[in-house]
Structures are given as C-alpha cells and as structure tokens.
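Let me begin by presenting the structure, written as structure tokens, before commenting on it.
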Amino acid sequence: MQTLFGHIELVNDRKGEFLNFEVKPLTAGLYFIATPIGTARDITLRALDLLASADYIAAEDTRTARKLMEIHGVPLGNRKLIAFHDHSSSVTRDYILELIEGGASVVYASEAGTPLVADPGFTLARGAIAADLPLWAAPGPSAVLAALNVSGLPTDRFFFAGFPPTAKSARATFLQELANVEATLVFYESPKRVYGLLDEMCKSLGEEREAAVCRELTKRFEDIERGTLADLAGSFAEKTVKGEIVVVVDRSHKAQFGADDLDAALATALETMSVKDAAAAVSAALNLPRRDVYQAALKLGK
C-alpha cells in the first residue's frame, strides 16, 4: 500500500516449507488480489494460485510483488511484470485492458493490503467495467479490517475516512463533517501527524470519545493503544512515532439523545452539582462531547 505503508518490508516467517499451487489456465479477465500488510504468510492460498497461474502480473511496486512471489516459491518464469501505480498514465491502463480483451488473464496486486482501499486500481477497475471485461476480487489482508478487529470498538457499522487533509483548517472541517456519523470511524495517518490528528479530534469529535491507535499491524513491533481521545492525545504528545498508523474512533452517540433528554439530564445533575461537575457527569453518562454539554449546562444554569 504505497500511500500508507511506503515500501513494505515483508516479514518472511516461513520455515522452509513450500506449497503445491493449483496452476491452471485462468479465464481472461482482471483479478484483484490482496497482499500482506506486513507478515508474508498472511497471503491467501487463492491469491498464490492466481499469482502462479496468471498470464500477466500488474503491481503497484514490481519489486515487492517479485519478493512476495520469491518468498512463497511462486515462479515468475517468462511472464511479464507490469508496474501500475498512482502516477501511471492512461497508456499503461489501456495496455492492460487490451491484454485482457485479447484473451489474457491479469492479476493486479497493490503494495500491501486490498487494491482500491487507499490504493491504486480504481481507474483500472472502472476501465474494465466500461469495456465489459470480467473483473474478480480475491479478498485477504486489509489494514482497515485488522484495525477494527483489535480496536475493541463496534464493527457492525464503520466508515473508512482514508487520510485526513494535512492543512489544519481543512482537517478541522473534514473532522467536523464526520462528528455525528453513527458508525465507527477509521483513518490512515502519517506517524509524523498522528498527534496533530488526535489533538484536533479532541476538539471536533469530543475528548471522551473512545478510540484506538494501531501501529505496525501484523508486524514485529505491532502496538495498540486504546483509550479516550484525550488520553491518546496526551500519550502521543511527546512520543516519537514510527511505522504505519491506523486510527479507529467510536461512533457518535448524539443522535440517540434529543435536546430534551440532554436538558433533563442536566437539570437533574445541576440540583446537586456545579455546572462544571454536572457537565462532566452528563457528558460521561450520555457519551457526548464535554464541551457541548458544558455550553448547554451554562445556558440552563442561568
């Protein structure tokens, strides 16, 4: 996954054993395969069969594809490796589509993870569909799904938001638009910007919202930190961070409570508490941003 992971260092954790691949002619078409985001053995058997059988192999980074095939003992032989990435021209795309139209099978692998998920491949897929060419996907590794698995946050509904804008004002607007989405939010971020993102999330999404920062998923130094956005922002404030980052944030719970519910809860709390304490208690109870609850408490307290 070039945009998220840069150049992947595939971890070869095999013990010398080799697989017997099902090598058989493939129906002409375009085959998207998911590749490991770190540990080489995370590739699926079907993906290896496709790599062994395809007439041509297209890849975001041909060096990584070649290394992955070498690790698993998949011979390239005389077959051609075609580079296709974010900066590839329409000429390369059309060349691949012409191969398929001519009866060839082409496997496409992104740098790591699932093609089209913050990875190249969209224009290739759209071109194949427009030309009425067969298109298949062999599912497998995905940083989004791996992060959801270990985050401890709800997975019944989630929203993949990709990379937040780098400019501060654009990022603030971007996050504000997601503040009330009733689905778990998943972001990719650079290790150099993860603290800035967490800090901005505290303001836009609420300090008390639960989140997880997942680093180096499936790799040797995998690390998961969980807590509120305020806790995580504090943890990463002075930390030197390396590796690939996925940030997972709990969904908004605002829609579950109307203004009347909030006012009623605050009115009860204000009978025995100060404005500050009432806002903190109601914010925690209703899982709403403390700043918003505090402003509502101030109005009621007058």
Side-chain angles (χ1 to χ4, degrees), residues 1 3-5 32 34 37 42 44 110 112-119 121-122 125-126 137-165 170-190 193-194 197-218 222-233 244-262 265 282-293:
M1 187 176 291
T3 50
L4 172 60
F5 291 93
F32 284 126
I37 60 177
D42 282 342
T44 68
S110 53
T114 301
L116 279 72
V117 181
D119 265 359
F122 178 71
R126 294 286 291 179
S142 166
V144 174
L145 298 180
L148 283 166
N149 282 339
V150 298
S151 70
L153 297 172
T155 59
D156 57 323
R157 282 180 294 174
F158 65 88
F159 182 89
F160 174 58
F163 284 93
R171 187 170 64 237
T173 300
F174 170 79
L175 291 173
Q176 196 60 52
E177 291 173 350
L178 298 174
N180 295 324
V181 172
E182 294 180 63
T184 299
L185 306 175
V186 185
F187 304 84
Y188 288 165
E189 187 54 289
S190 158
R193 292 193 293 269
V194 65
L197 175 63
L198 292 169
D199 185 55
E200 184 60 48
M201 283 179 168
C202 286
K203 303 169 186 174
S204 300
L205 306 182
E207 293 182 339
E208 302 305 313
R209 197 179 291 201
E210 293 294 319
V213 177
C214 308
R215 187 177 67 84
E216 292 286 85
L217 288 168
T218 80
E222 178 175 315
D223 179 67
I224 316 297
E225 289 196 41
R226 306 174 186 86
T228 66
L229 284 172
D231 292 338
L232 292 170
E244 290 69 51
I245 304 291
V246 183
V247 179
V248 187
V249 183
D250 194 11
R251 67 191 59 185
S252 169
H253 296 274
K254 276 188 176 181
Q256 297 178 11
F257 307 98
D260 291 342
D261 298 316
L262 175 59
V282 173
S283 171
L286 301 185
N287 199 14
L288 295 174
R290 184 179 298 180
R291 182 173 60 178
D292 295 347
V293 177

Minimum-distance pair of heavy atoms, taken over all atoms of [X] and [Y]:
X    : Y    : answer
L229 : A211 : CD2-CB, 3.6 Å
A172 : S204 : O-OG, 4.0 Å
V150 : C214 : CG2-SG, 4.0 Å
S252 : E182 : O-CG, 3.9 Å
I224 : R215 : CD1-N, 4.5 Å
L185 : R209 : CD1-NH1, 4.2 Å

Compare all side-chain heavy atoms of [X] with those of [Y] and state whether any distance is below 4.5 angstrom.
X    : Y    : result
V144 : V246 : no
D119 : T114 : no
E177 : L175 : no
V186 : F159 : no
D42  : T218 : yes
E210 : R226 : no
T155 : T184 : no

How long is the span from the [atom1] atom in [X] to the [atom2] atom in [Y], to the nearest 0.5 Å?
X    : Y    : atom1 : atom2 : result
E200 : Q176 : CD    : CD    : 8.5 Å
L205 : L178 : CG    : CG    : 7.5 Å
F174 : F163 : CZ    : CZ    : 11.0 Å
E216 : I37  : CD    : CD1   : 10.0 Å
Y188 : I245 : OH    : CD1   : 12.5 Å
F160 : L145 : CZ    : CG    : 10.5 Å

Are E208 and R290 close enough for a salt bridge, meaning some N to O gap below 4.0 Å?
-> yes

salt_bridge(R171, D199) N-O dist < 4.0 Å =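 Here R171 does not pair with D199 in a salt bridge, since their nearest N and O are not under 4.0 Å apart.
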
Side-chain donor or acceptor of T228 paired with backbone N/O of D231 under 3.5 Å |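 Indeed, once roles are kept as given, a pair shorter than 3.5 Å links the two residues.
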
Can you check whether A138's main-chain N or O pairs, donor with acceptor, with T44's side chain at less than 3.5 Å?
-> no

Check against side chain to side chain contact (heavy atoms under 4.5 Å, CB included), L148 and V248 = CA-CA 7 Å; L148 283 166; V248 187; 4.1 Å; yes

